[in-house]
Enquirer: 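Quick one: the structure is below, and I'll ask about it shortly.
The figures that follow rest on heavy atoms only: side chains count, while hydrogens, waters and symmetry mates do not.
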Amino acid sequence: RSVNILHDTSQCSNLVTPITLNATDTNVTSYLWNNSFTAPTQTITTAGNYWVNYIFNNFCVSRDSFSYIINNIPSINLGGDTTFCLGDLPLNAFNASSTYLWNTGETTPSIIATKAENYWVKVTNQYGCINYDTLVVSPETSLLNFVMPNIVTPNNDGINDFIDFSKYQFSSLYLDIYNRWGSKVFGSTDPTCIWKPTEDDGIYYYIVQYIINCGVETQNKNLKGFVTIMR
């Protein structure tokens, strides 16, 4: 006679609960488990391979085996919370043989965070184990109330050699810079433009129109003023 009443099972490492193995059979007179346990049932919490010998009243012996597997959950680290108004921040949740769901609706292993909001990802591996991670991108409201730098020193010393407008996180930008005779020396509508002057030292006049969208706040301004080139 043979019996087979135990079934292999697995659990995810974040949801481990004790498992009761029940080998009870009315025709069995005694039991012997691989860990020397002799009752018909026992509770286990450690992954591994288990077996039990059934001893019948005619002294025949049958064995049943059971595998208990604990599968790891996906490992995710989107990084620390950060701030920006507009950005280009790669978020990577890659795990082999897994599926993905981001708060943005994307289902790829990685996405690009481009604006201030709360980002989260749900990763499910091939064993059905699930893990989440969240990254908060807060609005960098200190970028509002843009002030045009008033001096540029393009002498290649690494200090104030140019104005990098990308760091101000403009949503849109219109920029013109003129010399003292009214001739335009630089202009751009690229919010990420860089002005590294090649003109002579002196005073230059600018007109700036910009929009900054930062979270729920929007700023739209027109500025006029002057900037000094000094080597």
Side-chain angles (χ1 to χ4, degrees), residues 1-84 86-140 215:
R1 177 186 170 89
S2 64
V3 293
N4 185 11
I5 56 178
L6 302 179
H7 302 283
D8 294 345
T9 193
S10 63
Q11 293 182 337
C12 298
S13 58
N14 61 329
L15 298 173
V16 172
T17 58
I19 293 178
T20 298
L21 304 180
N22 188 347
T24 302
D25 186 285
T26 56
N27 297 305
V28 174
T29 57
S30 61
Y31 306 84
L32 179 61
W33 298 81
N34 59 301
N35 56 4
S36 300
F37 205 71
T38 56
T41 64
Q42 67 166 307
T43 299
I44 61 172
T45 57
T46 304
N49 296 318
Y50 296 82
W51 56 257
V52 58
N53 283 342
Y54 306 95
I55 303 166
F56 298 94
N57 51 15
N58 59 2
F59 301 107
C60 292
V61 177
S62 181
R63 175 174 291 185
D64 193 7
S65 60
F66 170 87
S67 293
Y68 172 38
I69 300 171
I70 298 177
N71 295 309
N72 291 327
I73 62 174
S75 176
I76 316 170
N77 183 6
L78 297 182
D81 294 344
T82 188
T83 59
F84 57 65
L86 298 174
D88 190 12
L89 176 65
L91 301 180
N92 191 351
F94 176 77
N95 279 258
S97 303
S98 297
T99 59
Y100 310 87
L101 178 62
W102 296 84
N103 64 293
T104 59
E106 293 167 275
T107 56
T108 51
S110 62
I111 66 170
I112 301 296
T114 59
K115 61 182 180 179
E117 64 174 89
N118 293 347
Y119 292 86
W120 57 258
V121 63
K122 173 185 176 183
V123 181
T124 306
N125 64 19
Q126 70 267 43
Y127 307 112
C129 298
I130 298 172
N131 199 7
Y132 298 84
D133 198 15
T134 300
L135 174 73
V136 178
V137 179
S138 302
E140 181 56 272

Enquirer: If you take all heavy atoms of Thr104 and Ile111, which pair is closest and at what distance?
Expert: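 Closest approach of Thr104 to Ile111, heavy atoms only: OG1-CD1, 4.1 Å.
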Enquirer: Just wondering, do Val16 and Thr45 contact through their side chains at under 4.5 Å, heavy atoms?
Expert: no
Enquirer: Less than 4.5 Å apart, side chain to side chain, heavy atoms only: is that true for Leu135 and Val137?
Expert: yes
Enquirer: Any idea which heavy atoms bring Leu101 and Trp120 closest together, and the distance?
Expert: O-CZ3, 3.4 Å
Enquirer: Write down the atom of Ile70, the atom of Cys12, and the distance for their closest heavy-atom approach.
Expert: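 Smallest heavy-atom distance, with atoms named: CG2-C, 4.5 Å.
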Enquirer: Between the main-chain N or O of Val52 and the side-chain N or O of Asp64, is there a donor-acceptor pair closer than 3.5 Å?
Expert: no
Enquirer: Tell me, with the steps shown, if Glu106 and Thr108 meet side-chain hydrogen bond (donor to acceptor under 3.5 Å, both in side chains).
Expert: CA-CA 6 Å; Glu106 293 167 275; Thr108 51; 4.6 Å; no
Enquirer: Between Thr124 and Thr99, is there a donor-acceptor pair closer than 3.5 Å when you use the side chain of the first and the backbone of the second?
Expert: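 Side chain of Thr124 to backbone of Thr99, a donor-acceptor pair under 3.5 Å: no, none is there.
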Enquirer: Taking atom CZ as the centre, does Phe84 end up with more than 12 heavy-atom neighbours from other residues, nucleotides or ligands that are less than 6.0 angstrom away?
Expert: yes
Enquirer: Does any non-hydrogen side-chain atom of Ile19 lie less than 4.5 Å from one of Leu21?
Expert: yes
Enquirer: Below 30° counts as parallel, above 60° as perpendicular, anything between as tilted: where do the rings of Phe66 and Tyr50 land?
Expert: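 Judged by the thresholds at 30° and 60°, the geometry between Phe66 and Tyr50 is tilted.
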Enquirer: Rounded to the nearest 0.5 Å, what separates atom CD in Gln42 from atom CG in Asn35?
Expert: 4.5 Å
Enquirer: Minimum heavy-atom separation for Phe56 to Ser62, with atom names?
Expert: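 Minimum heavy-atom separation between Phe56 and Ser62: CE1-CB, 3.8 Å.
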Enquirer: Considering non-hydrogen atoms only, spot the tightest contact between Leu15 and Gln11 and give its length.
Expert: O-OE1, 4.0 Å
Enquirer: Closer than 3.5 angstrom, by distance alone: can the side chain of Asp81 be matched with the main-chain N or O of Ser138 as a donor-acceptor pair?
Expert: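 Checked: no pair found.
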Enquirer: Nearest 0.5 Å please: distance from the CG atom of Leu32 over to the CZ atom of Arg63.
Expert: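 Interatomic distance, Leu32 CG to Arg63 CZ, rounded to 0.5 Å: 8.5 Å.
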Enquirer: So which heavy atom on Thr46 is nearest to which on Tyr68, and how close?
Expert: O-CD2, 3.2 Å
Enquirer: Please check: side-chain N/O of Asn131 versus main-chain N/O of Pro74, any donor-acceptor pairing under 3.5 Å?
Expert: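 Checking the backbone N and O of Pro74 against the side chain of Asn131, a donor-acceptor pair under 3.5 Å is found.
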Enquirer: From Trp33 CH2 over to Thr38 OG1, what is the distance, rounded to the nearest 0.5 angstrom?
Expert: 11.0 Å
Enquirer: Check for a donor-acceptor pair, side chain of Asn92 on one end and backbone N or O of Ser110 on the other, with a separation under 3.5 Å.
Expert: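 No, the answer is negative, given that no donor and acceptor are paired below the 3.5 Å cut-off.
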Enquirer: How long is the gap from CG on Asn27 to OG1 on Thr29, to the nearest 0.5 Å?
Expert: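 Asn27 CG to Thr29 OG1: 10.0 Å, rounded to 0.5 Å.
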Enquirer: Run Trp102 and Leu91 through side-chain contact (heavy atoms from CB on, under 4.5 Å) and show every step you take.
Expert: CA-CA 10 Å; Trp102 296 84; Leu91 301 180; 3.8 Å; yes
Enquirer: What's the separation between atom OG in Ser13 and atom CD1 in Ile69, rounded to the nearest 0.5 Å?
Expert: 13.5 Å
Enquirer: Supply the atom-to-atom distance Phe37 CZ to Tyr31 OH, rounded to the nearest 0.5 angstrom.
Expert: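 Reported value, rounded in 0.5 Å steps: 12.5 Å.
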Enquirer: Look at the side chain of Asn95 and the backbone N and O of Ser75, then say whether any donor-acceptor pair between them is shorter than 3.5 Å.
Expert: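 Yes: the side chain of Asn95 pairs with the backbone of Ser75.
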Enquirer: Would Asn125 and Asn71 satisfy side-chain contact (heavy atoms from CB on, under 4.5 Å), going step by step from the backbone distance to the final call?
Expert: CA-CA 10 Å; Asn125 64 19; Asn71 295 309; 5.5 Å; no
Enquirer: Could you check Asn49 against Ser67 for side-chain hydrogen bond (donor to acceptor under 3.5 Å, both in side chains), going step by step and ending with a plain yes or no?
Expert: CA-CA 4 Å; Asn49 296 318; Ser67 293; 2.8 Å; yes
